[in-house]
Amino acid sequence: MAPPPISLIEDLRMKDIEKLTQLLVLSPLTDPHPVWLQEQADFIRTLPPKLKRPKTLFPRLTMAIPFRTQGAHLCPAHKSLNPYLIRRIFLQVSAECTTRLTRLAENRFLPTNIAIHVKTLQMANSLWMSPDLYRVTFQCQPEDKRFDRIASDCEACILATVGGNIQILKELRTSMLGREMKRKKRARLLPLVEAWIEWADAAGAIRADSNILAREVRSCRRQMQEARRQKRRNLAKGIVEEPVRDDNDMAAPLLSHDAAHEDHGYDHDPEDSVIDFYADRISSVWQPHNQAQDRSSIHPAFRNSIVL
């Protein structure tokens with residue numbers, strides 16, 4: 001009897017991760033094309049059953065019933081993949097590019113290299129958003145760099161684009177390592193990102209650059225955390241200070257940083273938090289014109305949960 005299908009990332013073994021990351025790779029600046037899609041379909045047929053969509057009803061029900069997460073939106077070439085596993089990987093990537101950047105993204109006084117890191121990760125959202133919606137959601141100018149949206153909205157095609165882009169992989173790895181805390185579990189997505197990087201020619205150099213920036217991100221987060229704690233201590237003592245606005249002084253603006261968002265909890269299912277992020281951003285900046293067109297601007301993974 002074939003083993004049951006895997007629907008949770010943490011249940012993947014190293015061999016499973018190697019197979020998935022070998023499959024889901026698309027060369028940079030390349031759209032999914034018929035030859036590549038056929039190669040994908042051929043490769044999927046060689047995958048073990050636990051990574052593929054169950055053919056019988058009972059295993060499909062056992063995957064779907066215990067979980068709120070819906071199956072992934074997949075193109076015909078990727079339709080045979082396990083839809084729940086692909087959706088969970090896609091949600092983890094989405095969270096790394098949205099909610100888990102919140103504190104850094106809201107700080108206007110970040111060092112230049114960390115600000116570029118945040119902007120690069122946010123740019124990955126353009127893979128699954130319309131150009132106009134992406135620009136208004138992330139306050140980009142029309143001439144700012146972005147990716148072309150994957151026309152099919154297939155989540156496996158999106159993940160393959162991520163898996164083939166060294167810059168995105170480096171920033172994802174940096175973000176997860178830069179958020180690590182002692183005695184805490186590693187981010188669920190990290191083993192997949194590490195495996196994607198391993199397929200690259202310059203894996204060692206990518207990790208070396210990522211390690212350096214991750215240390216700077218951790219240091220920045222610690223400063224921000226200490227500033228929040230100090231502010232709470234001051235408020236408890238009745239001390240209210242107006243911070244000095246100095247673009248060259250990291251400490252001053254951090255004292256006034258809003259701590260309403262928590263982005264350290266990366267070991268949970270991020271679907272609700274990602275939907276809330278998009279809903280909040282879209283409702284505050286998106287001016288409806290044509291409802292059908294506006295709905296198509298949003299990826300199917302989030303479309304039905306966001307009211308325009």
Exercise. Given side chains that start at C-beta, do those of K119 and C140 come closer than 4.5 Å, heavy atoms only?
Worked result: yes
Problem set entry | Expected output: side-chain H33 to main-chain W36 donor-acceptor under 3.5 Å | yes
Problem set entry | N/O donor-acceptor pair under 3.5 Å between W199 side chain and G164 backbone | no
For this session: Spell out, yes or no, whether L29 and L169 are grouped together once hydrophobic residues are joined by side-chain heavy atoms under 4.5 Å, including indirect joins.
Result: no
Exercise. With a 4.5 Å limit on heavy-atom distance, are the side chains of L104 and V217 in contact?
Worked result: yes
Exercise. Can you tell me how far CD of Q70 sits from CG of L91, rounded to the nearest 0.5 angstrom?
Worked result: 11.0 Å
For this session: Keeping the roles fixed (side chain from D144, backbone from Q141), state whether a donor-acceptor pair exists under 3.5 Å.
Result: yes
For this session: Taking all non-hydrogen atoms of both residues into account, name the closest pair between T174 and A214 and its distance.
Result: CG2-N, 3.7 Å
Problem set entry | Whether S210 side chain and I206 backbone form a donor-acceptor pair below 3.5 Å | no
Seminar exercise, completed: Distance col, row T99:OG1 vs D272:CG, nearest 0.5 angstrom, shows 11.0 Å
Problem set entry | More than 12 heavy atoms of other groups within 6.0 Å of D42 CG | yes
Exercise. Looking only at heavy atoms, what is the nearest atom pair of H73 and S152, with distance?
Worked result: NE2-O, 3.2 Å
For this session: Evaluate the side-chain contact (heavy atoms from CB on, under 4.5 Å) criterion for residues L51 and L81: first the C-alpha distance (whole Å), next the side-chain angles of each, then the deciding distance (0.1 Å), finally the verdict.
Result: CA-CA 6 Å; L51 297 180; L81 286 173; 5.6 Å; no
Exercise. Roughly how far apart are L8 CG and Y84 OH, rounded to 0.5 Å?
Worked result: 12.5 Å
Exercise. Will you find, in the side chains of E171 and T120, an N or O donor that is under 3.5 Å from an N or O acceptor?
Worked result: no
Exercise. Is the closest side-chain heavy-atom distance between V193 and V162 below 4.5 Å?
Worked result: no
Problem set entry | Backbone N/O of E194 and side chain of R207: donor-acceptor pair under 3.5 Å | yes
Exercise. Do N125 side-chain atoms and C97 backbone N/O form a donor-acceptor pair below 3.5 Å?
Worked result: yes
Exercise. Going through the distances and angles, do Q92 and R100 end up as a side-chain contact (heavy atoms from CB on, under 4.5 Å)?
Worked result: CA-CA 10 Å; Q92 289 292 334; R100 293 166 188 168; 2.9 Å; yes
For this session: Measure across S94 and V274 and return the closest heavy-atom pair with its distance rounded to 0.1 Å.
Result: CB-CG1, 4.1 Å
Exercise. What do you reckon, are the aromatic ring centroids of F302 and W128 less than 6.0 Å apart?
Worked result: no
Exercise. Do L47 and F90 share a hydrophobic cluster (ILVMFWY, side-chain heavy atoms under 4.5 Å, transitive)?
Worked result: yes
Seminar exercise, completed: Exactly one of R215, R221, R186, R173 clears salt bridge (charged side-chain N to carboxylate O under 4.0 Å, His left out) with E180, and that residue is R186
Problem set entry | Minimum heavy-atom distance between S175 and E96, given as atom pair plus value | OG-OE1, 3.3 Å
Problem set entry | Nearest heavy atoms of C154 and H78, plus distance in Å | SG-ND1, 3.5 Å
Exercise. Do side-chain atoms of E155 reach the backbone of L74 as a donor and acceptor pair under 3.5 angstrom?
Worked result: no
Exercise. For the atom pair NE2 (H117) and CG (L172), what is the distance rounded to the nearest 0.5 Å?
Worked result: 8.5 Å
Problem set entry | Salt bridge flag under 4.0 Å for residues R135 and D132 | yes
Exercise. Would I86 end up clustered with L37 when hydrophobic side chains under 4.5 Å apart are linked, directly or stepwise?
Worked result: no
Problem set entry | side-chain contact (heavy atoms from CB on, under 4.5 Å) between L20 and L85, intermediate numbers included | CA-CA 11 Å; L20 276 177; L85 177 61; 3.8 Å; yes
For this session: Would you check if the distance from the ring center of H299 to the ring center of Y278 is below 6.0 Å?
Result: no
Problem set entry | Approximate separation, where rounding is to 0.5 Å, of N113 CG and E216 CD | 4.5 Å
Problem set entry | Cluster check I116, M224: I/L/V/M/F/W/Y, side chain < 4.5 angstrom | no
Exercise. Is it the case that one hydrophobic cluster holds both M129 and L127, taking links as side-chain heavy atoms less than 4.5 Å apart, direct or via other members?
Worked result: yes
Exercise. Any donor and acceptor pair, going by atom type alone, linking the side chain of R53 with main-chain N or O of P83 inside 3.5 Å?
Worked result: no
For this session: Considering non-hydrogen atoms only, spot the tightest contact between V25 and T21 and give its length.
Result: CG2-O, 3.0 Å
Exercise. To the nearest 0.5 Å, how far apart are CG in N82 and CD1 in I44?
Worked result: 11.5 Å
Exercise. Considering only heavy atoms from C-beta outward, does the side chain of I114 approach that of L213 to under 4.5 Å?
Worked result: yes
For this session: Kindly determine whether Q40 and C157 satisfy side-chain contact (heavy atoms from CB on, under 4.5 Å), including the steps that lead there.
Result: CA-CA 10 Å; Q40 291 282 289; C157 288; over 6 Å; no
Exercise. Will you find, in the side chains of R281 and Q139, an N or O donor that is under 3.5 Å from an N or O acceptor?
Worked result: no
Exercise. Is any NZ, NE, NH1 or NH2 atom of the basic residue among E10 and R88 found under 4.0 Å from an Asp or Glu carboxylate oxygen of the other?
Worked result: no
